[in-house]
Amino acid sequence: MWVIRRGDVAAEVIAFAIESGANQVVTTESPSPRFQDICREIKRSHPVEVLPPEAFVRYDGYIDLKRFSRYWRVAEKYVF
């Protein structure tokens, strides 16, 4: 069963961790400007381990990330 939560990200993650009996939260790095603040808030109640993301494709050139279709035109060549 999938659960989708809405609201304050840190508060929802903490609530889910408590409800699940988790003793830590594990996540991947994020370029989101709010990421550090969210992790800091979660760390008040649970240790947080931040893992480096695994690359979907290996590509060193420029990819326009404003639209998925632009990204996919480049990435598709390296996935299949």
Side-chain angles (χ1 to χ4, degrees):
M1 179 172 84
W2 292 88
V3 175
I4 298 175
R5 292 177 172 239
R6 299 181 110 180
D8 178 85
V9 175
E12 292 299 327
V13 170
I14 292 167
F16 182 78
I18 291 169
E19 293 164 14
S20 302
N23 57 10
Q24 88 177 90
V25 173
V26 179
T27 186
T28 57
E29 291 175 10
S30 171
S32 168
R34 296 177 44 222
F35 182 71
Q36 294 302 321
D37 293 336
I38 292 167
C39 287
R40 205 172 4 264
E41 185 67 27
I42 296 169
K43 285 178 184 178
R44 292 180 176 185
S45 66
H46 289 76
V48 176
E49 181 178 356
V50 180
L51 303 174
E54 185 175 327
F56 181 65
V57 296
R58 301 274 182 227
Y59 182 74
D60 291 332
Y62 173 78
I63 298 179
D64 185 346
L65 298 178
K66 292 179 184 161
R67 297 264 187 239
F68 179 79
S69 59
R70 295 177 192 166
Y71 162 78
W72 188 244
R73 259 182 257 140
V74 175
E76 181 179 30
K77 299 170 192 169
Y78 295 90
V79 174
F80 301 110

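Hydrogens, waters and symmetry mates play no part in the numbers below; they use all other heavy atoms, side chains included. Each residue takes its place number in the sequence, starting with 1.
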- Salt bridge Glu41-Arg44, side-chain N to carboxylate O under 4.0 Å: yes
- Who pairs with Phe16 by ring-ring contact (aromatic ring centres under 6.0 Å, His included), at least two apart in sequence or on another chain? none
- Taken in chain and number order and not counting sequence neighbours, the residues that satisfy ring-ring contact (aromatic ring centres under 6.0 Å, His included) with Phe35 are none
Using the test salt bridge (Lys or Arg N to Asp or Glu O under 4.0 Å), find all partners of [X] that sit at least two apart in sequence or belong to another chain.
X: Glu19; result: Arg5
X: Asp37; result: Arg40
X: Arg70; result: Asp64
X: Arg58; result: none

- Without swapping roles, check the side chain of Ser20 against the backbone of Ala22 for a donor-acceptor pair under 3.5 Å. no
- Mind running side chain to side chain contact (heavy atoms under 4.5 Å, CB included) on Val25 and Lys43 for me, showing each step along the way? CA-CA 9 Å; Val25 173; Lys43 285 178 184 178; over 6 Å; no
- Item | Cluster link Val79 to Val74, ILVMFWY, side chain under 4.5 Å | yes
- Pick one: which of Ile42, Leu51, Val50 meets side-chain contact (heavy atoms from CB on, under 4.5 Å) with Thr27? Val50
- Note on the structure: Between the CD1 atom in Ile14 and the CD1 atom in Ile38, the distance rounded to the nearest 0.5 Å is 10.5 Å
- Where do Gln24 and Glu49 come nearest, in terms of heavy atoms and distance? NE2-OE1, 3.3 Å
- Indicate the ring-plane relationship of Tyr71 and Phe68, choosing parallel, tilted or perpendicular according to the 30° and 60° boundaries. tilted
- Query: Taking side chain as C-beta onward, heavy atoms only, is Ile18 less than 4.5 Å from His46?
  - Reply: yes
